[in-house]
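These notes are about the structure you will find just below.
Note that the structure is a prediction, hence the values are computed from the model and not measured.
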Amino acid sequence: MRDPAKAGSRSEVPNDRRFEARQRFVSGEGPTMPLPSFAPVLVEQAFSAHQVSELRAAMDACRPFMSDLQNRANSIGFDQLRRRNEPAPLTAVIGAFLNSGAHDFAAEQFPDGYCFLLWNCSFRYHDPASTKSHLEMHFDASFLGLGGKVYNVWVPLDDLGNGVPGLTFLSPEADPLKLYRVWRAKYDARTAKHGPGAAVDIFFDRRMVERIYENLGDGAFVSPRIKAGGFIAFHQLVAHSTEVVQKAPKPRGSLEFRIAGIRALPDVYRKRDLWAAVVQIDDAGRRSVRIVETSELAAEAGAHTA
């Protein structure tokens, strides 16, 4: 088991307004989760060099299954691999996560236990030549909903910078409430039309965001730099996009581990029967997962609170 003390340094892209704005940020009808911060968390050296090699090998094994026929080119979800009966890449990357600093972060966020949301975990190979590889700024709450906190533990398999794109977030100078209000109006209108729990695609291109933060210009954006083996973690109400590299862009592999508390699943997982990998720890401290339908988790959560 990886020593938590060696999990690497941890920092947060600062936002001085995050605590003051918290209650207003999630205001609205329906259950919402408490949010600890509006800024992404950066952790360096969470995975060992050997584990990074294992993650890259798993990515290489998945590349033949990725195609432009999918909604988002050059990616494949964990649940798709499960349904294809291709367990080896899943076993490798989940095993690496459980024995890394990423597990320590997950256990801290969800002390009552956490699970991997298989439908929303994925391998992604960013190809600069494919327009579908780039995602404009968005909130993951568009497809996960506002109830039940979910963290995306985003693990790059290449050092970011020097042409390798990372993720772009709002800078500390940009008030997150401004973009959130625009998104929330669109989200409420679409869910009113399609029903609660409906997944909706709402994206903001760079020009739209620049108009919202016209006094900041390029200062409205920040793209953190971390090396392979680290991760960036953020919940579903943190706006983000694929970084745009203007000069000599390079490809980049990454993994998206979306995790949630086993007793507070996000909206879409409570309203649909999807699959999750629940983390369990035996008496000897060994970590593993069991694959369950989310209806089983919901029943267990109900029994626990009854």
Side-chain angles (χ1 to χ4, degrees), residues 30-35 55 58 62 65 70-72 75-100 102-124 139-155 196-199 231 233-238 254-282 286-306:
T32 55
M33 67 286 186
L35 300 179
L55 297 178
C62 291
F65 307 133
Q70 299 180 59
N71 292 333
R72 303 294 176 196
S75 69
I76 188 165
F78 286 16
D79 195 63
Q80 289 172 292
L81 290 170
R82 182 191 64 82
R83 288 184 282 115
R84 291 179 66 103
N85 196 26
E86 296 285 348
L90 295 183
T91 300
V93 299
I94 289 178
F97 187 105
L98 293 179
N99 293 288
S100 74
H103 166 79
D104 303 323
F105 172 82
E108 178 184 326
Q109 298 302 316
F110 304 104
D112 292 332
Y114 73 94
C115 62
F116 298 91
L117 305 175
L118 297 183
W119 185 257
N120 295 111
C121 296
S122 63
F123 293 82
R124 188 178 299 278
F139 296 89
D140 285 355
S142 290
F143 55 87
L144 291 170
L146 295 169
K149 180 176 67 176
V150 177
Y151 265 95
N152 182 354
V153 179
W154 187 82
V155 182
F231 66 80
F234 51 96
H235 55 70
Q236 69 259 52
L237 286 179
V238 175
S254 61
L255 283 158
E256 298 173 3
F257 295 95
R258 285 191 172 85
I259 57 174
I262 57 174
R263 294 175 187 159
L265 295 173
D267 294 344
V268 67
Y269 280 78
R270 288 186 288 106
K271 297 178 185 299
R272 297 172 56 189
D273 216 359
L274 300 174
W275 293 85
V278 179
V279 176
Q280 51 192 10
I281 304 175
D282 66 16
R286 291 183 294 261
R287 300 163 187 161
S288 61
V289 295
R290 62 185 177 98
I291 309 298
V292 300
E293 288 185 291
T294 50
S295 58
E296 181 178 336
L297 282 183
E300 291 176 359
H304 179 80
T305 57

Problem - Set of ring-ring contact (aromatic ring centres under 6.0 Å, His included) partners for Phe110, sequence neighbours left out - result: none
Handout entry: Side-chain heavy atoms of Phe97 within contact of Val153, under 4.5 Å
Key = yes
Problem - Between Phe105 and Tyr151, ring centroids under 6.0 Å - result: yes
Handout entry: Nearest-0.5 Å distance, CD of residue Gln280 to CD1 of residue Ile262
Key = 10.5 Å
Problem - For Arg290, all residues meeting side-chain hydrogen bond (donor to acceptor under 3.5 Å, both in side chains), sequence neighbours excluded - result: Glu296, Glu300
Exercise for the section: Work out which heavy atom in Ile94 is nearest to a heavy atom in Val289; give both atom names and the distance. Expected result: CG2-CG1, 3.9 Å
Exercise for the section: Quick one: closest heavy-atom pair of Ile259 and Phe116, and the distance? Expected result: CG2-CD2, 3.8 Å
Completion exercise
Heavy-atom nearest pair, Arg287 first then Leu98, reads NH1-O, 2.5 Å
Handout entry: Pairwise side-chain contact, Leu146 with Leu237, heavy-atom cut-off 4.5 Å (strictly under)
Key = yes
Exercise for the section: For residues Asp79 and Leu274, determine if any side-chain heavy atom of one lies less than 4.5 Å from a side-chain heavy atom of the other. Expected result: no
Exercise for the section: Taking side-chain hydrogen bond (donor to acceptor under 3.5 Å, both in side chains) as the test, write out the residues that go with Asp273, two or more places apart. Expected result: Ser295
Handout entry: Least distance between heavy atoms, Phe123 atom then Leu90 atom
Key = CE1-CD2, 4.5 Å
Exercise for the section: Could you tell me the separation between the CH2 atom of Trp119 and the CZ atom of Arg82, rounded to the nearest 0.5 Å? Expected result: 9.5 Å
Practice task
Would you check if Asn152 and Asn120 make a side-chain contact, meaning some heavy-atom pair closer than 4.5 Å?
Solution key: no
Exercise for the section: Hey, could you give me the OG/CG distance between Ser254 and Leu55, rounded to the nearest 0.5 Å? Expected result: 11.0 Å
Handout entry: Ring centre gap for Phe231 and Phe257 strictly below 6.0 Å
Key = no
Completion exercise
What one should report as the nearest heavy-atom pair of Arg258 and Asp140 is NH2-OD2, 3.0 Å
Fill in the blank from the handout: Minimal heavy-atom distance between Arg270 and Leu265, with the atoms involved, is NE-O, 3.0 Å
